[in-house]
Amino acid sequence: VAKTSLTSPPWPEAKLPDPVEEAKYHAEVVQKVNKMIAAGQYGRLFAVVHFASKQWKITSEDLIMMDNVLEAECGDRIRMEKVLLVGADDFTLIGRPLLGKDLVRVEATVIEKTESWPKINMRFRKRHNYQKKKIIVNPQTVLRINTIEIFPCLS
Amino acid sequence: MVLLSAPRWLRSRLTDRFWRVQEVLKYARHFRGRKNRCYKLAVRSVRRAFVKSTKARREKKRILRALWITRIGAASLEHGLKYPAFISNLLKSQVELNRKVLADLAIYEPKTFKSLAALAQRRRQEGFLAALGDGKEPEGIFSRIVHHY
């Protein structure tokens with residue numbers, strides 16, 4: 001049969017590696033990473049955490065400010081549970097979409113609960129004698145990320 | 001004796017005009033020209049400044065998202081993928097990182113971004129293989145089973 005523009009798909013044909021060999025390779029990599037975590041051969045860890053309806057990329061000794069009220073007093077330790085990604089220099093653990101609670105532990109302390117600077121909301125329409133001015137002050141919370149820990153329970 | 005209305009010889013004088021004017025001028029001190037000193041010009045400029053800042057607060061979200069998208073697109077091109085392919089394949093592999101975090105990873109964690117690009121590329125190839133075909137004929141229309149989950 002003659003080759004037309006529609007005989008082969010427009011994307012380049014790519015072969016996937018053998019599933020059995022791939023499974024072996026995956027198991028090896030997982031064991032290696034587990035050993036590295038158990039031996040503690042990582043430097044600074046960073047994590048991507050979903051908190052207060054936003055995603056933050058955090059490390060230890062980080063300050064975070066959110067535009068809302070937390071129901072925790074100043075000085076309370078908080079554990080952040082929705083961790084999407086954890087990484088170090090040599091490996092990253094990507095969650096689909098979240099990582100397990102027995103794998104990562106992110107601790108933070110509430111430092112400050114203040115109000116934001118007074119933001120001015122103004123509306124104006126020219127020639128129609130219409131103007132409104134409103135001053136908005138949002139409550140804010142400042143958290144300090146104390147530690148990010150990982151445990152060697154990969155499978 | 002209680003007087004219900006004030007007598008005509010009592011007049012009210014404005015005594016804090018200075019402070020009312022300063023309230024407006026304090027927002028105009030860093031402007032250029034006479035509008036940082038003269039009240040009449042300053043009132044107009046300050047009003048325009050407030051209105052522009054309220055509108056800009058809504059535009060800022062759009063501008064930042066567009067910036068993140070260009071950055072992620074540029075970073076994924078370095079690894080041989082275009083932005084739509086990268087994002088769609090990441091979402092299909094159930095990795096729900098938003099564009100802000102992806103842009104930060106592309107800048108500060110290049111190795112992590114490379115691994116994410118490889119993940120998206122692999123998912124893309126698996127998608128192509130799945131689209132090409134099982135090679136089976138579709139079953140009859142009336143004998144197809146509909147699944148409601």
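Quantities reported herein were computed from a predicted structural model and do not represent experimental measurements. Chain A is the first sequence line, chain B the second, and so forth, proteins listed ahead of strands; every chain is numbered from 1.
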> Under a 4.5 Å heavy-atom cut-off, does chain B meet the side chain of Leu85(A), its backbone, both or neither?
Replying inline: side chain
> Should we say atom CZ of Arg125(A) is surrounded by more than 12 heavy atoms from elsewhere, each under 6.0 Å from it?
Replying inline: no
> More than 12 heavy atoms of other residues, nucleotides or ligands under 6.0 Å from NZ of Lys54(A): is that the case?
Replying inline: yes
>> With a 4.5 angstrom heavy-atom cut-off, is it the side chain or the backbone of Phe91(A) that approaches chain B, or both, or neither?
In response: neither
> Trp68(B), Val48(A): one ILVMFWY side-chain cluster at the under-4.5 Å cut-off?
Replying inline: no
> Hey, is NZ on Lys119(A) packed in by over 12 heavy atoms from elsewhere, all under 6.0 Å?
Replying inline: yes
> When you measure from the side chain of Thr54(B) to the backbone N and O of Asn121(A), does any donor-acceptor pair fall under 3.5 Å?
Replying inline: no
> Is it the case that more than 12 heavy atoms not belonging to Arg71(B) sit under 6.0 Å from its CZ atom?
Replying inline: no
> Of the backbone (N, CA, C, O) and the side chain (C-beta and beyond), which part of Pro17(A) lies under 4.5 Å from a heavy atom of chain B, both, or neither?
Replying inline: side chain
> Same hydrophobic cluster for Leu93(A) and Leu116(B), using side-chain heavy-atom links shorter than 4.5 Å among ILVMFWY?
Replying inline: no
>> Is there a continuous path of hydrophobic side-chain contacts, each under 4.5 Å between heavy atoms, that joins Val95(B) to Phe46(A)?
In response: yes
> Roughly how far, to the nearest 0.5 Å, is CG of Asp104(B) from NZ of Lys57(A)?
Replying inline: 7.0 Å
>> Quick check on Tyr108(B): does its OH atom have over 12 non-hydrogen neighbours (other residues, nucleotides or ligands) under 6.0 Å away?
In response: no
> Highest number of heavy-atom pairs under 4.5 Å with chain A: which of Arg57(B), Arg48(B), Lys100(B)?
Replying inline: Arg57(B)
> Can you name the closest pair of heavy atoms from Pro9(A) and Leu132(B) and give their distance?
Replying inline: CG-CD2, 3.7 Å
> If you count the non-hydrogen atoms of other residues, nucleotides and ligands that lie under 6.0 Å from OH in Tyr25(A), is the total more than 12?
Replying inline: no
>> Distance check, rounded to the nearest 0.5 Å: Trp11(A) atom CH2 versus Leu129(B) atom CG?
In response: 9.0 Å
>> Shorter than 4.5 Å, heavy atoms on both sides: which option in Arg122(B), Glu126(B), Gln125(B) has the most such pairs with chain A?
In response: Arg122(B)
> Counting heavy atoms not belonging to Glu13(A), are there more than 12 under 6.0 Å from its CD?
Replying inline: no
>> Can you tell me which portion of Ile94(A) sits under 4.5 Å from chain B's heavy atoms? Options are side chain, backbone, both or neither.
In response: side chain
> Highest number of heavy-atom pairs under 4.5 Å with chain B: which of Lys15(A), Arg96(A), Arg123(A), Gln55(A)?
Replying inline: Gln55(A)
> Are Ile148(A) and Ile64(A) connected in the hydrophobic side-chain network, where two residues link if heavy atoms are under 4.5 Å apart?
Replying inline: yes
>> Can you tell me how far apart CZ (Phe128(B)) and CG (Leu16(A)) are? Round to the nearest 0.5 Å.
In response: 11.5 Å
>> Just verifying a value: how many Å separate Asp90(A) CG and Lys111(B) NZ, rounded to the nearest 0.5 Å?
In response: 5.5 Å
> Are Leu45(A) and Leu143(A) linked, directly or through other ILVMFWY residues, by side chains that come within less than 4.5 angstrom of each other?
Replying inline: yes
> Is any side-chain heavy atom of Leu84(A) closer than 4.5 Å to a side-chain heavy atom of Val101(B)?
Replying inline: no
>> Less than 4.5 Å to any heavy atom of chain B: does that hold for the side chain of Gln131(A), its backbone, both, or neither?
In response: side chain
> Is a donor on one side and an acceptor on the other found under 3.5 Å between the side chain of Glu96(B) and the backbone of Pro97(A)?
Replying inline: no
> Among pairs that include at least one residue of residues 102-117 of chain A, which meet side-chain hydrogen bond (donor to acceptor under 3.5 Å, both in side chains), considering only residues two or more places apart or in two chains?
Replying inline: Arg77(A)-Glu107(A), Arg105(A)-Glu107(A), Thr109(A)-Asn146(A)
>> What I'd like to find out is whether the side chain of Arg47(B) reaches to under 4.5 Å of the side chain of Met122(A), using heavy atoms alone.
In response: yes
> Using non-hydrogen atoms and a limit below 4.5 Å, what part of residues 18-44 of chain B faces chain A?
Replying inline: Tyr27(B)
